[in-house]
Protein chains: 2
Amino acid sequence: MIDIARHAGVSKSTVSLVLRSSPLVKAETRRLVERAIDDLGYVYNRGAANLRQARSNMVGMVINDLANPFFAELAVGIERVFQGAGYVPFIANTAENPLRQAEVLRALREQGVAGLIVCPSRGTPSDAFKGLVADGVPVVQAMRRVDGARAASIVPDNRRGGRQATEHLLALGHRRIAFLGGYRDTFAHAERSGGYRQALEAAGIGVDPALIIDGPPNRDGGETGLARALALPNAPTAALCFNDVVAFGVLAGLRQRGLTPGVDFAVVGFDDVADARHASPPLTTVAVDSFALGERAAQTMLRMVHGDATPVEGIGDVHLVVRESCGAGMEQAA
Amino acid sequence: MIDIARHAGVSKSTVSLVLRSSPLVKAETRRLVERAIDDLGYVYNRGAANLRQARSNMVGMVINDLANPFFAELAVGIERVFQGAGYVPFIANTAENPLRQAEVLRALREQGVAGLIVCPSRGTPSDAFKGLVADGVPVVQAMRRVDGARAASIVPDNRRGGRQATEHLLALGHRRIAFLGGYRDTFAHAERSGGYRQALEAAGIGVDPALIIDGPPNRDGGETGLARALALPNAPTAALCFNDVVAFGVLAGLRQRGLTPGVDFAVVGFDDVADARHASPPLTTVAVDSFALGERAAQTMLRMVHGDATPVEGIGDVHLVVRESCGAGMEQAA
DNA sequence: AGCGGTTTTTGGATCGTTCCAATTACGAGT
DNA sequence: ACTCGTAATTGGAACGATCCAAAAACCGCT
């Protein structure tokens with residue numbers, strides 16, 4: 001920077017002002033300095049800047065499973081918002097591992113992030129964000145909430161979605177409905193299956209614990225969940241799946257058995273990932289609108305960066321998208 | 001850090017040594033300092049460290065399209081390698097936009113990355129990495145190579161894969177084979193369709209330009225590509241797709257028309273994403289082994305970080321995975 | 001020319017770390 | 001007790017930016 005100052009015939013302070021595009025420098029001087037910057041191929045050192053001035057322009061997004069298309073979509077959506085706001089978003093994957101998550105959080109903190117959006121990994125301890133929050137780093141949890149954490153959160157209305165989907169299956173005449181996939185000890189599973197229970201009970205149908213079959217929230221989880229459900233003495237005729245990826249597994253499993261999804265067995269997913277409408281048959285699912293949710297999380301974080309300290313607990317809207325995998329004709333709205 | 005020094009009754013230099021786990025400090029002193037660190041809830045400031053010592057432990061991964069499962073898998077694979085090596089990997093998405101990519105590259109450079117793995121976005125100018133490389137920052141291109149760029153690269157053997165897949169379809173008796181999806185002006189399209197041409201010509205079958213139908217490398221690209229192919233006066237009976245996602249689109253399109261993939265029309269993909277074997281029917285595809293490729297790219301970068309300056313141009317192995325979408329019986333190997 | 005006010009520019013102190021050369025502490029050997 | 005070599009510790013000068021208070025340049029008026 002001093003080189004540039006010399007080259008342009010000004011002081012380093014002036015160069016600094018130009019770099020931060022301050023209105024205090026004369027246009028002519030600015031041009032001079034900018035020329036020098038180009039000539040010397042200078043690169044700004046953000047680390048040095050952050051040393052003095054606490055405000056960094058780097059935000060972190062800590063994602064539990066980037067291989068899951070839903071979270072990848074969410075991440076990409078959030079990224080877009082930050083970009084527009086002049087922040088530089090970096091994504092880190094935790095692969096659903098709390099230890100790894102702790103490392104990542106530490107690294108981001110050391111790097112001096114302005115704020116964080118976190119989809120907490122399974123088994124995140126309630127004090128995972130304590131240090132960050134105590135330091136005044138805005139932390140927003142998205143999609144999942146670890147209870148006891150004193151950090152903002154934006155999560156979809158999982159319970160309502162679970163209820164709506166179940167009501168839809170009930171309205172189609174199903175009485176034995178399974179809830180497949182996902183781990184029982186996660187936030188989302190508790191809420192989504194909670195809605196499912198509510199709907200069954202409201203309809204006067206008891207909840208059969210044997211029909212709630214958990215497993216990994218991926219394709220395999222769907223396939224093995226289906227296998228176990230169909231092996232039951234009194235097998236179900238429909239399933240609400242923990243998420244769309246599980247539902248894809250169920251679809252594949254049905255086909256392997258020569259059953260036609262939507263005809264021989266009704267399937268409903270959760271999330272509405274981009275692929276859901278391309279599945280065969282197109283998947284009926286609870287739309288979470290990852291983009292809106294991500295946008296809201298990002299906005300919340302930006303507000304916190306700018307000093308708004310009220311800890312938000314946002315609930316995102318959710319609605320059932322009826323396609324064909326549930327067997328409903330198109331005339332039948334949610 | 002000075003606070004800690006005071007609290008532990010040593011000098012800041014000693015604290016610094018402890019933080020870098022130098023063997024020069026006595027075990028007892030170390031324990032003392034570590035205690036003080038815990039007590040005061042201190043966080044290391046990586047930016048300040050990088051200021052003095054050029055070597056940072058942060059590496060960047062710049063990905064052209066995180067919403068594409070293939071690249072997401074690749075990113076996750078690369079991440080794992082760096083993690084093991086004690087580096088902190090951050091992912092940034094460019095959404096196939098060269099301007100955005102330039103911004104991201106600048107941000108990473110300002111942040112002081114130790115090295116970069118880049119899947120260059122479409123339309124990346126050949127001098128995109130010039131500054132980085134001139135600065136001595138190791139840059140490894142993965143999956144795609146922008147020609148003219150003086151940076152290492154690890155790419156799969158696209159041409160060979162395209163040829164193998166085409167030969168397989170020819171062996172199954174197909175004579176009208178389309179090449180669907182992907183943009184003609186990309187590196188991967190040129191190579192993959194190049195292999196396709198080679199195979200056709202070697203078999204004495206001319207290449208019909210009308211059968212090479214480009215489009216976005218996503219599901220829609222597959223669906224519309226198929227529509228255009230089938231509308232041709234002399235429609236093809238098989239298709240090699242630019243990548244698996246395009247192939248998924250083709251599969252869906254066939255089904256919509258009441259055609260059975262693998263029976264009425266043969267489909268081969270490219271990449272072998274995790275979902276390929278779960279598609280219905282399971283997708284025959286050219287396996288790229290994203291994990292091995294990512295690992296190799298990461299290793300290359302690490303070697304460069306440690307001073308090995310030889311600019312590698314690696315070619316990754318590729319092999320055809322025959323499943324059902326091509327109509328081959330299981331007895332028929334590649 | 002001198003004055004007050006506004007716009008630009010500037011030197012030095014500072015952020016939290018690492019590096020280096022210098023210092024001190026320790027043990028063993030005479 | 002003294003010296004020597006090694007092990008452990010230390011103070012101060014960097015690194016590259018920002019911030020602040022002060023200085024300089026410029027302007028229009030008398």
Side-chain angles (χ1 to χ4, degrees), chain A residues 1-37 40-58 88 106-114 131 135-137, chain B residues 1-37 40-58 88 106-114 131 135-137:
Chain A
M1 199 161 104
I2 292 185
D3 284 352
I4 292 188
R6 225 193 316 271
H7 198 267
V10 296
S11 77
K12 65 184 166 43
S13 304
T14 307
V15 176
S16 173
L17 291 175
V18 171
L19 287 170
R20 286 174 295 142
S21 43
S22 146
L24 282 101
V25 300
K26 221 186 337 184
E28 194 192 345
T29 316
R30 174 175 322 240
R31 244 172 305 116
L32 222 57
V33 174
E34 273 162 359
R35 172 97 71 94
I37 289 177
L40 302 189
Y42 154 90
V43 206
Y44 187 73
N45 182 332
R46 188 73 57 177
N50 291 349
L51 202 51
R52 228 4 256 255
Q53 163 216 58
R55 243 179 55 142
S56 124
N57 72 335
M58 170 176 177
V88 183
R106 188 170 51 82
L108 285 164
R109 200 167 162 208
E110 286 182 359
Q111 245 13 282
V113 288
D135 262 21
V137 180
Chain B
M1 199 161 104
I2 292 183
D3 285 351
I4 292 188
R6 226 194 315 272
H7 198 266
V10 296
S11 77
K12 64 182 169 44
S13 304
T14 307
V15 176
S16 172
L17 292 174
V18 171
L19 287 170
R20 284 172 298 142
S21 43
S22 147
L24 282 94
V25 301
K26 220 183 346 183
E28 195 193 344
T29 316
R30 166 161 327 189
R31 242 172 307 114
L32 221 58
V33 173
E34 272 162 0
R35 172 97 71 93
I37 289 177
L40 302 190
Y42 153 90
V43 204
Y44 187 72
N45 182 332
R46 188 75 54 176
N50 290 350
L51 201 52
R52 233 358 259 250
Q53 164 217 56
R55 243 179 57 140
S56 124
N57 73 335
M58 168 175 177
V88 184
R106 189 170 52 81
L108 284 164
R109 200 165 162 210
E110 287 181 359
Q111 226 47 254
V113 288
D135 263 21
V137 180

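Residue numbering restarts at 1 for every chain, and letters A, B, ... go by the order of the sequence lines.
Nearest-nucleotide assignment on DNA chain D puts the 5′-proximal partner with A27(B), out of A27(B) and Y42(A). With DNA chain D read from its 5' end, the first of the two nearest nucleotides for K26(A) and M1(A) is the one closest to M1(A).
Taking the side chain as every heavy atom from C-beta outward, M58(B) and L108(B) approach each other to under 4.5 Å.
Between the side chain of D135(B) and the backbone N or O of V137(B) there is no donor-acceptor pair closer than 3.5 Å. Without hydrogens or angle criteria, R46(B) side chain to G112(A) main chain gives no donor-acceptor distance under 3.5 Å.
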Does Y42(A) form a side-chain contact (heavy atoms from CB on, under 4.5 Å) with V15(A)? I'd like the steps, not just the answer. CA-CA 12 Å; Y42(A) 154 90; V15(A) 176; 5.9 Å; no
Apply the test salt bridge (Lys or Arg N to Asp or Glu O under 4.0 Å) to residues R30(A) and E34(A): give CA-CA distance (whole Å), side-chain angles for both, the deciding distance (0.1 Å), then the verdict. CA-CA 6 Å; R30(A) 174 175 322 240; E34(A) 273 162 359; 5.1 Å; no
Step by step, would you call L19(B) with M1(B) a side-chain contact (heavy atoms from CB on, under 4.5 Å)? CA-CA 10 Å; L19(B) 287 170; M1(B) 199 161 104; 4.0 Å; yes
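Listed here is the closest heavy atom pair of Q111(B) and N50(B): O-ND2, 4.4 Å.
In this structure, the CD atom of Q111(B) is 16 Å from the P atom of dG16(D), given to the nearest Å. Rounded to an integer number of Å, the gap from M58(A) CE to dA17(D) P is 18 Å. Rounded to whole Å, atom C1' of dA8(D) lies 12 Å from atom CZ of R30(B). Here dA17(D) presents its C1' atom at 11 Å from CZ of R46(A), a figure rounded to the nearest Å. Distance, N50(A) CG to dT18(D) P: 10 Å, rounded to whole Å. Between the CD1 atom of I2(B) and the P atom of dG12(D) there is a distance of 12 Å, rounded to whole Å. For the pair E28(A) CD and dA25(D) P, the computed distance is 15 Å after rounding to whole Å. If you measure from atom CG of L24(B) to atom P of dT10(D), you get 13 Å, rounded to the nearest angstrom.
When the nucleotides dC19(C), dT10(D), dT10(C) are ranked by their closest atom to the side chain of Q53(B), dC19(C) comes out on top. Nearest to the side chain of K12(B), among dT18(C), dA8(D), dG16(C), sits dT18(C). Checking dA17(D), dG12(D), dT9(C) against the side-chain heavy atoms of A49(A) singles out dA17(D) as nearest. Nearest to the side chain of Y44(A), among dT9(D), dA17(D), dC19(D), sits dA17(D).
Nucleic acid contact for R20(A): sugar-phosphate only, since backbone atoms but no base atoms lie under 4.0 Å from a heavy atom of the residue.
Not a single donor-acceptor pair, N or O on each side, falls under 3.5 Å between the base of dG11(D) and the side chain of S11(B). Taking only distance into account, the side chain of R52(B) meets the base of dA14(D) through a donor-acceptor pair shorter than 3.5 Å.
Taking 4.0 angstrom as the limit, S16(B) places none of its side-chain polar atoms (N or O) nearer than this to OP1 or OP2 of dC19(C). Between S13(B) and dT18(C), a side-chain N or O to OP1/OP2 separation shorter than 4.0 Å is absent.
Side-chain contact annotation: S11(A) with T14(A), donor-acceptor N/O pair under 3.5 Å present.
Taking five base pairs at each end of the helix from dA1(C)-dT30(D) to dT30(C)-dA1(D) and finding the rotation axis that steps the C1' atoms of four pairs onto the next four gives two axes whose angle is 50°, to the nearest 10°.
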